[in-house]
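Contents: one structure, followed by commentary.
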Amino acid sequence: MQRLRTIYDILKEVYVGGAYAGIALDNALKTIDDERDKAYITRVFYGVIEESVRSDYVISKLCAKKPKTAIVIILKIGLYCLNNMDMPDYAVVNNCVELTKAIGKKELSGFVNATLKKAKTIELSDNDLSIKYSYPKWIIDMLIKDYGVEFAEAFVKFKSDTLTHIRATTGHNAELFANLTKSKLGYYATGNQLAKLPPKSYFVQSLASMTVCRTLDNDNPSNILDLCSAPGGKAVYLKQLHPNAEITACDIHPHRLDLIRLYAGKAGVTLKIVHNDATVLEEKWLDSFDAVMCDVPCSGLGVAGQKPDILLNRKPEDIANFAKTQSKILRTAGKCVKVGGHIVYSTCTVLKKENEQVVDAFLRENKTFEKSGEYIKLFPHIDNTDGFFIAKLVRKPS
């Protein structure tokens with residue numbers, strides 16, 4: 001029962017409090033010693049979130065009126081366990097009934113009991129991709145509009161492996177990583193493999209994130225402006241790739257500047273860290289940088305496989321709002337880069353409204369810029385990476 005209560009409590013933080021799933025789970029697991037309990041809690045917690053769209057549908061069919069949030073969470077736990085865990089149905093139902101009593105909702109325990117006992121009578125259609133893959137319908141509709149039905153289905157049903165992508169820190173013997181699976185720029189490792197590596201021998205950084213930085217490999221920049229830098233992974237990697245360049249790392253949120261400082265300190269590199277709003281031009285930066293990095297705020301759909309709570313919090317209107325902010329940041333970058341310099345625009349989403357359409361609109365409005373190479377588009381189900389978009393632009397003489 002304690003495991004289910006823990007799962008309920010952290011799900012409530014996510015569903016009611018808007019907490020980040022990864023942070024809420026990590027905080028809860030710190031108080032638990034048994035590795036089996038940790039594994040069980042993690043599986044059910046993320047499983048409930050991943051199946052949230054489907055369970056909402058089932059609950060709507062089982063209940064004439066949507067229950068209060070606390071009971072919805074319990075029903076979602078029960079539905080996930082009924083369909084995915086190796087437990088007798090009666091045991092799942094009984095556990096959820098007891099959980100209902102434990103949270104002070106004893107008067108609703110009979111309702112939970114009756115509802116879960118009927119759960120498997122609800123038929124799910126294979127023709128509805130949203131229900132079939134438990135993915136918000138509006139996102140599937142946008143994916144279909146951008147790429148077609150076949151792509152959309154492949155994207156939403158893809159489940160990546162649990163390997164973590166890392167890069168070696170400077171000066172560490174390559175033999176340390178001999179047993180790991182190599183990627184184009186780093187290594188993939190299991191949790192057990194990471195535990196055996198010296199903590200200072202590697203940084204966790206996705207292949208897609210590293211690819212963004214490597215777009216400047218042939219440019220030899222003397223100074224780089226990273227407009228949306230926190231938590232600092234790209235800025236640190238850029239400094240290691242270009243040790244003689246001055247890297248100015250910015251963020252709009254003062255508390256996130258501490259994350260950049262922490263990352264730089266661990267890496268032993270020096271960055272110029274500045275509090276700045278990337279949508280507003282800092283006049284002293286006009287025409288000043290060889291390269292400007294814009295890893296802009298976005299919907300994050302390219303990393304929803306690792307952060308499923310993204311799908312809980314996004315709304316259709318968010319996409320247009322992100323695109324407006326992205327366009328403002330790109331315009332700022334255009335004013336900060338020198339003639340002959342480069343802008344690198346990147347997102348961790350695959351929606352064209354945040355990617356190609358933003359960059360194409362900028363190029364139409366700013367004739368002194370042009371593409372430097374083709375857009376780089378990474379897709380989880382094709383490239384086995386995070387979903388990313390990368391555009392490199394060059395400023396031509398007027």
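With a 4.5 Å cut-off on side-chain heavy atoms, His165 and Tyr187 do not count as touching. Between Ser327 and Phe362 there is no side-chain heavy-atom pair separated by less than 4.5 Å. Considering only heavy atoms from C-beta on, Ile252 stays 4.5 Å or farther from Asn276 through its side chain. With a 4.5 Å cut-off on side-chain heavy atoms, Cys228 and Cys294 do not count as touching. Residues Leu116 and Leu75 meet the side-chain proximity criterion, which asks for heavy atoms closer than 4.5 Å. Between Pro221 and Ile224 there is a side-chain heavy-atom pair separated by less than 4.5 Å. Between Val296 and Thr325, every side-chain heavy-atom pair lies at or beyond the 4.5 Å cut-off. When side chains are defined from C-beta on, Cys298 counts as touching Gln326, because their heavy atoms get closer than 4.5 Å.
Crowding of Asp34 atom CG: a count of heavy atoms from other residues, nucleotides or ligands under 6.0 Å exceeding 12. Lys145 NZ: 12 or fewer foreign heavy atoms inside a 6.0 Å radius. Heavy-atom neighbours of Lys38 NZ from other residues, nucleotides or ligands within 6.0 Å: above the threshold of 12. Atom CG of Asp217 sits in a crowded spot, with more than 12 heavy atoms from other residues, nucleotides or ligands closer than 6.0 Å. Residue Lys66 places its NZ atom among 12 or fewer non-hydrogen atoms of other residues, nucleotides or ligands, all under 6.0 Å distant.
Not one N or O on the side chain of Thr115 forms a donor-acceptor pair closer than 3.5 Å with the backbone of Val112. Side-chain N or O atoms of Asp383 include none that pairs as donor or acceptor with a backbone N or O of Thr385 at under 3.5 Å. Judged by distance alone, the side chain of Lys61 and the main-chain N or O of Ile122 form no donor-acceptor pair under 3.5 Å. A donor-acceptor pair under 3.5 Å is absent between the side-chain atoms of Lys12 and the main chain of Thr69, judged by distance alone. The main-chain N or O of Lys315 is found under 3.5 Å from a side-chain atom of Asp318 such that the two form a donor-acceptor pair. Counting only distance, with no hydrogens or angles, the side chain of Thr31 and the backbone of Ala28 share a donor-acceptor pair below 3.5 Å. With hydrogens and angles disregarded, no donor-acceptor distance shorter than 3.5 Å links the side chain of Asn113 to the backbone of Ser109. Put simply, the side chain of Glu98 never gets that close to the backbone of Asn95: no donor and acceptor are under 3.5 Å apart. Remark: side-chain polar atoms of Ser229 are not paired, donor with acceptor, to backbone N or O of Gly232 under 3.5 angstrom. Ser288 contributes a side-chain N or O that, together with a main-chain N or O of Leu286, makes up a donor-acceptor pair within less than 3.5 Å.
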One pair to check against side chain to side chain contact (heavy atoms under 4.5 Å, CB included): Ile247 and Thr270. What are the steps and the verdict? CA-CA 8 Å; Ile247 312 293; Thr270 300; over 6 Å; no
Query raised in the report: So Ile376 and Leu378, side chain to side chain contact (heavy atoms under 4.5 Å, CB included) or not? Walk me through it.
Result: CA-CA 7 Å; Ile376 298 172; Leu378 302 173; 4.2 Å; yes
- Stepwise side chain to side chain contact (heavy atoms under 4.5 Å, CB included) check, Met293 with Leu225: CA-CA 6 Å; Met293 311 297 291; Leu225 174 63; over 6 Å; no
Kindly determine whether Asp226 and Thr248 satisfy side chain to side chain contact (heavy atoms under 4.5 Å, CB included), including the steps that lead there. CA-CA 6 Å; Asp226 187 359; Thr248 301; over 6 Å; no
Give the C-alpha distance, both sets of side-chain angles, the deciding distance and a yes or no for side chain to side chain donor-acceptor pair (under 3.5 Å) between Ser130 and Tyr57. CA-CA 10 Å; Ser130 175; Tyr57 172 80; over 6 Å; no
inquiry  = Please determine whether salt bridge (charged side-chain N to carboxylate O under 4.0 Å, His left out) holds for the pair Lys76 and Asp56, giving the CA-CA distance in whole Å, both sets of side-chain angles, and the decisive distance to 0.1 Å.
reply    = CA-CA 8 Å; Lys76 287 187 174 189; Asp56 279 335; 3.0 Å; yes
Quiz item: Should Arg256 and Asp251 be marked as a salt bridge (charged side-chain N to carboxylate O under 4.0 Å, His left out) after you check the CA-CA gap, both sets of side-chain angles, and the distance that decides it?
Solution: CA-CA 7 Å; Arg256 287 174 63 80; Asp251 201 84; 3.7 Å; yes
(Q) Run Lys117 and Asp89 through salt bridge (charged side-chain N to carboxylate O under 4.0 Å, His left out) and show every step you take. (A) CA-CA 8 Å; Lys117 282 182 176 179; Asp89 290 356; over 6 Å; no
_Does Ser134 form a side chain to side chain donor-acceptor pair (under 3.5 Å) with Glu50? I'd like the steps, not just the answer._
CA-CA 7 Å; Ser134 194; Glu50 288 169 358; over 6 Å; no
When you look at Asp9 and Arg5, which way does the salt bridge (charged side-chain N to carboxylate O under 4.0 Å, His left out) test go after all the steps? CA-CA 6 Å; Asp9 288 341; Arg5 181 58 191 261; 3.1 Å; yes
Tabulate below the donor-acceptor pairs under 3.5 Å that side-chain atoms of residues 332-343 make, not counting sequence neighbours, or state none.
{"unit_1": "Thr332", "atom_1": "OG1", "unit_2": "Ala278", "atom_2": "O", "d": "2.9"}
{"unit_1": "Thr332", "atom_1": "OG1", "unit_2": "Thr279", "atom_2": "O", "d": "3.4"}
{"unit_1": "Thr332", "atom_1": "OG1", "unit_2": "Lys328", "atom_2": "O", "d": "3.1"}
{"unit_1": "Lys338", "atom_1": "NZ", "unit_2": "Asp290", "atom_2": "OD1", "d": "3.2"}

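Ring-plane geometry between Phe151 and Phe379 is classed as perpendicular, the angle between the planes exceeding 60 degrees on a 0 to 90 degree scale with a lower cut at 30.
Figure legend: Lys352 and Tyr147 shown as a cation-pi pair, the cationic atom lying under 6.0 angstrom from the six-membered ring centre and within 45 degrees of its axis.
Listed here is the closest heavy atom pair of Val44 and Tyr80: CA-CE2, 3.9 Å. Of all heavy-atom pairs between Cys250 and Leu257, the closest is C-CD2, 4.4 Å.
Cluster membership check: Leu393 does not share its hydrophobic cluster with Val344, using side-chain heavy-atom separations under 4.5 Å among Ile, Leu, Val, Met, Phe, Trp and Tyr. In this structure, Ile310 is not a member of the same hydrophobic cluster as Ile10, with clusters built from ILVMFWY side-chain heavy atoms closer than 4.5 Å.
Gln205 and Ser209 share a donor-acceptor pair across their side chains, judged by distance under 3.5 Å alone. Side-chain atoms of Glu51 and Asn84 include a donor-acceptor pair closer than 3.5 Å. Side-chain atoms of Asp309 and Tyr46 form no donor-acceptor pair, as typed in the model, at a separation below 3.5 Å. Thr349 and Ser299 form a side-chain donor-acceptor contact under 3.5 Å, judged by distance and modelled atom types alone. Using a 3.5 Å distance cut-off with no hydrogens or angles, the side chains of Gln240 and Arg167 do pair a donor with an acceptor.
Atom CG of Asn244 is separated from atom NZ of Lys239 by 7.0 Å, given to the nearest 0.5 angstrom. Within the model, atoms NZ of Lys196 and CG of Asn179 stand 8.5 Å from one another, a figure rounded to the nearest 0.5 Å. Ile166 CD1 to Leu207 CG: the interatomic distance, rounded to the nearest 0.5 Å, is 12.5 Å.
The list of ring-ring contact (aromatic ring centres under 6.0 Å, His included) pairs with a residue in residues 88-139, not counting sequence neighbours, is empty. Pairs passing the ring-ring contact (aromatic ring centres under 6.0 Å, His included) check and including a residue from residues 221-280, sequence neighbours excluded, read Phe203-Tyr263, His253-His255.
Under the 4.0 Å criterion applied to side-chain N and carboxylate O atoms, Arg395 and Glu370 are not assigned as salt-bridge partners.
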